Amino acid sequence: AAINVTGPRARAILQAAGSSFDLSAAAFPHLHGREGEVAGVPVRAMRIGFTGDQWAQMRSDKLTVGDYLDLAAALKSDPNAQVFSVAAGGVDAIVERIAVTPEQKAAMAAWIRHTYSPELKNLGPALPSDTPNKDHLRTLLFEVLGEYGEDPEVLSQADKIADRYI
């Protein structure tokens, strides 16, 4: 049997029912699973769709752009490239569709650099031993920082890469 508990009160509902595992975002990140008990019943719980739900709530004026950016910032260190991709997709859309004035675009570029530059630096240079996930995460960070963050280091590195191949 399966049960789906969704929405902004899902954690509270599961905790009130008596969850045997930590439901906090830090302990139970997006796209992860846990085995344990809820209300004394063995369960296999999966956390899916949260960033998409947050994006939908923002688009329906139930959350602010700032709320979404807080979520994206909270997920910045998630090692799963899929998680970053979903969160960054919302950030890209904010830059493209919501930040319309030059001042807003400049503020978003600064936010992107401040939020994601340390993450790219933490990944370090590409190594032959890197997993496909790590390569993908590095590529996504490089793309967001270059295209939307206008990060001078990333743009300089992109120019050097282009010069080698063009």
Side-chain angles (χ1 to χ4, degrees), residues 5-12 14-15 19-36 43-59 62-99 104-158 160-161:
V5 183
T6 62
R9 294 188 19 84
R11 271 194 194 105
L14 291 172
Q15 286 170 333
S19 172
S20 68
F21 49 93
D22 187 350
L23 295 166
S24 69
F28 194 9
H30 185 241
L31 297 177
H32 284 76
R34 296 283 181 273
E35 291 189 12
V43 298
R44 181 175 296 140
M46 292 174 275
R47 182 161 172 225
I48 58 173
F50 182 67
T51 53
D53 293 345
Q54 293 289 88
W55 179 249
Q57 288 185 34
M58 189 200 75
R59 293 207 37 162
K62 293 186 190 311
L63 293 176
T64 67
V65 170
D67 292 328
Y68 188 84
L69 293 176
D70 288 345
L71 171 65
L75 295 172
K76 71 183 178 185
S77 298
D78 193 298
N80 187 318
Q82 262 187 300
V83 172
F84 180 81
S85 181
V86 172
V91 172
D92 293 356
I94 290 167
V95 172
E96 292 288 334
R97 299 182 201 143
I98 297 172
Q104 291 169 337
K105 289 200 181 284
M108 280 301 303
W111 182 90
I112 289 167
R113 288 189 304 273
H114 173 77
T115 304
Y116 297 128
S117 287
E119 300 307 314
L120 183 60
K121 284 184 176 100
N122 286 342
L123 285 177
L127 300 172
S129 60
D130 285 345
T131 64
N133 178 73
K134 190 172 185 179
D135 282 339
H136 189 209
L137 184 57
R138 186 180 293 105
T139 300
L140 292 168
L141 282 161
F142 193 83
E143 179 183 355
V144 169
L145 282 162
E147 186 170 353
Y148 298 112
E150 300 171 2
D151 185 286
E153 268 185 60
V154 168
L155 294 174
S156 174
Q157 192 176 354
K160 288 175 186 169
I161 292 168

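Bear in mind that the values here come from a model prediction, so they are computed numbers and not experimental data.
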Taking the side chain from Thr139 and the backbone from Asp135, do they hold a donor-acceptor pair closer than 3.5 Å?
yes
Of all heavy-atom pairs between Gln157 and Phe142, which one has the smallest distance, and what is that distance?
OE1-CE1, 3.6 Å
Tyr116: what forms a ring-ring contact (aromatic ring centres under 6.0 Å, His included) with it, not counting sequence neighbours?
Phe84, Trp111
Using a 3.5 Å distance criterion without hydrogens, assess whether the side chain of Arg44 forms a donor-acceptor pair with backbone atoms of Gly36.
no
Nearest heavy atoms of Val154 and Leu120, plus distance in Å
CG2-CD2, 3.8 Å
Spatial distance of atom CG (Leu69) from atom CD1 (Ile94) [nearest 0.5 Å]
4.0 Å
Does this structure show an ion pair linking Lys121 with Glu153, if we count only N-O contacts that are shorter than 4.0 Å?
yes
Can you name the nearest heavy-atom pair linking Ala81 to Asn133, along with the distance?
N-OD1, 2.8 Å
A side-chain contact here means heavy atoms from C-beta on lying under 4.5 Å apart; do Ile98 and Tyr68 qualify?
no
I'd like to check Pro152 versus Arg113 (side-chain heavy atoms, cut-off strictly below 4.5 Å). Are they in contact?
yes
So, using salt bridge (Lys or Arg N to Asp or Glu O under 4.0 Å) as the criterion, who are the partners of Glu96 when residues are at least two apart?
none
Can you tell me which residue pairs pass the salt bridge (Lys or Arg N to Asp or Glu O under 4.0 Å) test with a partner in residues 124-134, sequence neighbours excluded?
Asp130-Lys134, Asp130-Arg138
Could you tell me which residues satisfy side chain to side chain contact (heavy atoms under 4.5 Å, CB included) with Ala99, sequence neighbours excluded, listed by chain and number?
Gln104, Lys105, Met108
Mind checking side chain to side chain donor-acceptor pair (under 3.5 Å) for Asp22 and listing every partner two or more places apart, or none if nothing turns up?
Ser24
Could you tell me the separation between the CG atom of Leu75 and the OG atom of Ser85, rounded to the nearest 0.5 Å?
12.0 Å
Those residues that, when tested against Ser77, pass side chain to side chain donor-acceptor pair (under 3.5 Å) (two or more places apart)
Glu119
Interatomic spacing from NZ in Lys76 to CG in Leu71 - rounded to 0.5 Å:
12.5 Å
Distance check, rounded to the nearest 0.5 Å: Thr115 atom OG1 versus Leu141 atom CG?
11.0 Å
With a 4.5 Å cut-off on side-chain heavy atoms, are Ile112 and Val95 touching?
yes
